[in-house]
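First up is the structure itself, then whatever we jot down about it.
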Amino acid sequence: MTVDDPTRASSAPLLTGRGLTRTYRLPRPSPFQPGAVRHALIDADLDVAAGESVALIGESGSGKSTLVKLLLALDAPTAGSVTFDGRPVRPGRAAALRWFRRDTGVVLQDPYSSLDPRMRIRDTVAEPLRALSIDGDHRALVDEMLGRVGLTREHGDGYPHELSGGQRQRVAVARAVVHRPRLLVGDEPMSALDVTVRAQILALLRELRDDLGLSLLTVSHDIGLVQHLADRVAVLHDGRIVEQGAVDDVLRNPRHDYTRGLMASVPTLD
Ligand SMILES: Nc1ncnc2c1ncn2[C@@H]1O[C@H](COP(=O)(O)OP(=O)(O)OP(=O)(O)O)[C@@H](O)[C@H]1O
Ligand SMILES: [Mg+2]
């Protein structure tokens with residue numbers, strides 16, 4: 001199957017979010033006044049089908065990371081629910097969520113802060129295998145994944161400070177998929193990278209998607225990346241999903257002001 005296969009999006013949802021809402025109570029300005037309520041996310045519905053690639057876009061503070069954290073059970077919603085493969089997903093004890101952690105992988109925004117500087121690359125990549133009690137030869141699994149992301153065994157023996165930014169991001173991707181999850185979630189996985197490295201990581205994600213059948217959920221500010229990687233896109237504005245649909249439909253015929261402005265700032269579509 002290729003990335004452009006239109007039948008992919010028609011399969012049953014793997015991940016669903018329904019009515020997801022997150023409010024924060026801000027600190028009291030004085031002991032006599034209640035803290036204000038901030039609505040970080042309001043009533044968001046989002047699906048990711050098996051094998052599908054979905055992008056989340058929207059300006060800073062629009063609620064993208066909040067939505068990702070709720071979908072990954074890294075934060076509890078004020079209202080709403082999440083399911084994966086039809087099973088409810090709620091933040092809780094690690095043991096109760098192990099099945100969900102096995103099926104998901106996460107790449108964070110800043111590749112440097114997400115790697116432990118005192119750990120060899122090999123051990124960093126192997127960590128999910130240990131933490132999730134995955135069967136098999138961990139060393140072989142790690143070496144295979146390092147190869148897939150274009151790194152060598154020698155890289156595996158080294159430490160994060162010995163790698164370039166792009167190589168570190170490859171390590172972050174390897175660690176996120178070493179246990180063969182069904183869904184890979186990236187919160188601006190490439191914002192720290194230059195254009196060339198971005199293109200390499202993008203190609204890598206597409207390859208992993210084709211080879212491992214991964215579903216992808218990617219937060220990005222980069223319209224080019226969204227066009228190349230995603231089947232569908234959801235646009236967030238002030239905590240609400242203001243439009244979502246096939247990437248071509250939403251980007252070529254944007255209905256919401258924010259999306260229109262976003263597209264107007266891009267020189268050409270193709
Ligand atoms: N712990 C918190 N306490 C209070 N408000 C918060 C907290 N976390 C997030 N918010 C608020 O929720 C809103 C959404 O934040 P979020 O991090 O989801 O935005 P974002 O779309 O990911 O932005 P960016 O593109 O800058 O990463 C913002 O107004 C933010 O200030
Ligand atoms: Mg964010």
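All ligand and atom numbering here is 1-based and tracks the order in the structure. Computed over heavy atoms, backbone and side chain alike; hydrogens, waters and symmetry mates excluded.
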Side-chain donor or acceptor of Glu243 paired with backbone N/O of Arg255 under 3.5 Å: yes
Residues in the immediate environment of ligand 1 (any heavy atom closer than 4.0 angstrom): Tyr24, Leu26, Arg38, Ala40, Glu59, Ser60, Gly61, Ser62, Gly63, Lys64, Ser65, Thr66, Glu188, His221
Electrostatic pair Arg139-Asp137, nearest N-O below 4.0 angstrom: no
Mutual orientation of the aromatic rings belonging to Phe84 and Phe100 [parallel < 30°, tilted 30-60°, perpendicular > 60°]: perpendicular
Qualifying salt bridge (Lys or Arg N to Asp or Glu O under 4.0 Å) pairs with a residue from residues 90-108, counting only residues at least two apart or across chains: Asp103-Arg182
Leu20 side chain near Leu46 side chain, heavy-atom distance below 4.5 Å: no
Atoms (protein N, O or S; no water) under 2.8 Å from the Mg ion (ligand 2): 1
Spacing of CD1 belonging to Ile121 relative to CG belonging to Leu146, to within rounding of 0.5 Å: 8.5 Å
Donor-acceptor contact present, side-chain Thr16 to main-chain Asp47, <3.5 Å: no
Give every donor-acceptor pair under 3.5 Å between a side-chain atom in residues 122-130 and any protein atom, sequence neighbours left out.
{"unit_1": "Arg122", "atom_1": "NE", "unit_2": "Asp157", "atom_2": "OD1", "d": "3.4"}
{"unit_1": "Arg122", "atom_1": "NH1", "unit_2": "Asp143", "atom_2": "OD1", "d": "2.7"}
{"unit_1": "Arg122", "atom_1": "NH2", "unit_2": "Arg153", "atom_2": "O", "d": "3.2"}
{"unit_1": "Arg122", "atom_1": "NH2", "unit_2": "Asp157", "atom_2": "OD1", "d": "3.0"}
{"unit_1": "Thr124", "atom_1": "OG1", "unit_2": "Arg120", "atom_2": "O", "d": "3.4"}

Exam field: side chain Thr21 to backbone Ile42, donor-acceptor pair closer than 3.5 Å: no
